[in-house]
Amino acid sequence: TFQPYPFLSQPYLSTFFLGGFLSFYACTTADTWASEIGVMSTSSPRLITEPWRIVPKGTNGGVTLLGLGASVAGGLFIGITFYFSSFATLQQVKDNDATEFEGDNFDGLGESNASQYWMIIIATFSGLLGSLI
């Protein structure tokens, strides 16, 4: 049968919602880091909607390369934190219910975490986009 939204099917549903949850925290962290670190830039900020226009520090919509770099770092931090925390979570699930996993091809750490690496990329881009929008 045709599924118009395959990412909402059973195997992808939790990852879809987890991606939204992760993106929210990546955006908020990135925005905070960009605001706090971006003001330390020695260059003058430029208006995001008119990049040729230089604006005073503290102006809404003003960005610097240092601030944008900080927003990418904030998103990357959240993505990496999520990725490595999933190691501990999956190992705990596997330890608590070892009999359930014995017959499966699920190895808990390698297979599942390898499929979650792309959450680092999503968080990094969410952090950047959250600061730009």
Side-chain angles (χ1 to χ4, degrees):
T1 60
F2 174 73
Q3 290 183 340
Y5 303 107
F7 56 87
L8 290 178
S9 66
Q10 193 64 332
Y12 300 105
L13 186 60
S14 63
T15 305
F16 175 74
F17 288 120
L18 191 57
F21 180 80
L22 184 66
S23 295
F24 166 78
Y25 282 104
C27 285
T28 56
T29 302
D31 188 49
T32 301
W33 286 24
S35 298
E36 299 299 325
I37 295 172
V39 296
M40 294 188 280
S41 178
T42 56
S43 65
S44 297
R46 297 188 176 267
L47 200 58
I48 192 69
T49 56
E50 300 172 19
W52 56 88
R53 187 170 159 204
I54 296 175
V55 295
K57 287 185 179 184
T59 303
N60 286 340
V63 296
T64 61
L65 286 178
L66 181 63
L68 291 175
S71 69
V72 167
L76 183 64
F77 172 76
I78 293 296
I80 289 172
T81 301
F82 165 79
Y83 182 76
F84 285 112
S85 66
S86 67
F87 279 112
T89 305
L90 288 172
Q91 184 61 50
Q92 186 177 21
V93 168
K94 187 175 180 182
D95 290 344
N96 288 341
D97 203 4
T99 57
E100 182 180 331
F101 293 110
E102 277 183 23
D104 296 343
N105 290 329
F106 177 77
D107 68 358
L109 292 175
E111 186 177 317
S112 295
N113 277 16
S115 66
Q116 296 298 325
Y117 75 91
W118 62 275
M119 289 294 210
I120 297 172
I121 298 166
I122 288 175
T124 303
F125 283 117
S126 295
L128 178 62
L129 291 175
S131 289
L132 294 177
I133 294 178

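The shown structure was predicted, so the numbers you read here are calculated from the model rather than taken from an experiment. In this chain, numbering begins with 1 at the start of the sequence shown.
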ask   = Is a donor on one side and an acceptor on the other found under 3.5 Å between the side chain of T28 and the backbone of Y25?
value = yes
task = For I54 and S44, work out which heavy atoms get closest and say how close.
result = CG2-CB, 3.4 Å
key: Nearest heavy-atom neighbours spanning S35 and V39   = O-CG1, 3.4 Å
message = Please report the interatomic distance OG1(T124) to CG(L129), rounded to the nearest 0.5 Å.
response = 11.0 Å
task = Nearest 0.5 Å please: distance from the OG1 atom of T29 over to the CZ atom of F24.
result = 9.0 Å
K57 to S41 - nearest heavy-atom pair and separation = NZ-O, 2.6 Å
ask   = Out of curiosity, does L132 fall in the hydrophobic cluster containing I121 (side-chain heavy atoms, cut-off under 4.5 Å, transitive links)?
value = no
remark   = dist L76:CG -> S126:OG (nearest 0.5 Å) comes out at 12.0 Å
Candidates I78, T81, I80, L22 - the one meeting side-chain contact (heavy atoms from CB on, under 4.5 Å) with I120 = I80
ask   = Should the heavy atoms of other residues, nucleotides or ligands under 6.0 Å from CZ of F77 be counted, would the total exceed 12?
value = no
inquiry  = I need the minimum non-hydrogen distance between S131 and A34, along with the two atoms involved.
reply    = OG-CB, 3.9 Å
request  = Check the hydrophobic clustering (I, L, V, M, F, W, Y; side-chain heavy atoms under 4.5 Å; chains of links allowed) and say if L128 and I48 are grouped together.
outcome  = yes
remark   = Shortest non-hydrogen pair, P51 vs R46, comes out as O-CD, 3.0 Å
key: T64 to P45 - nearest heavy-atom pair and separation   = CG2-CA, 3.6 Å
ask   = Would I122 and S23 count as a side-chain contact (heavy atoms from CB on, under 4.5 Å) if you check the C-alpha gap in whole Å, the side-chain angles of each, and the deciding distance to 0.1 Å?
value = CA-CA 7 Å; I122 288 175; S23 295; 3.6 Å; yes
ILVMFWY cluster, W33 and V72 together (side-chain gap under 4.5 Å) = no
task = Side-chain contact test, heavy atoms from C-beta onward, threshold under 4.5 Å: evaluate it for T42 versus L66 and give yes or no.
result = no
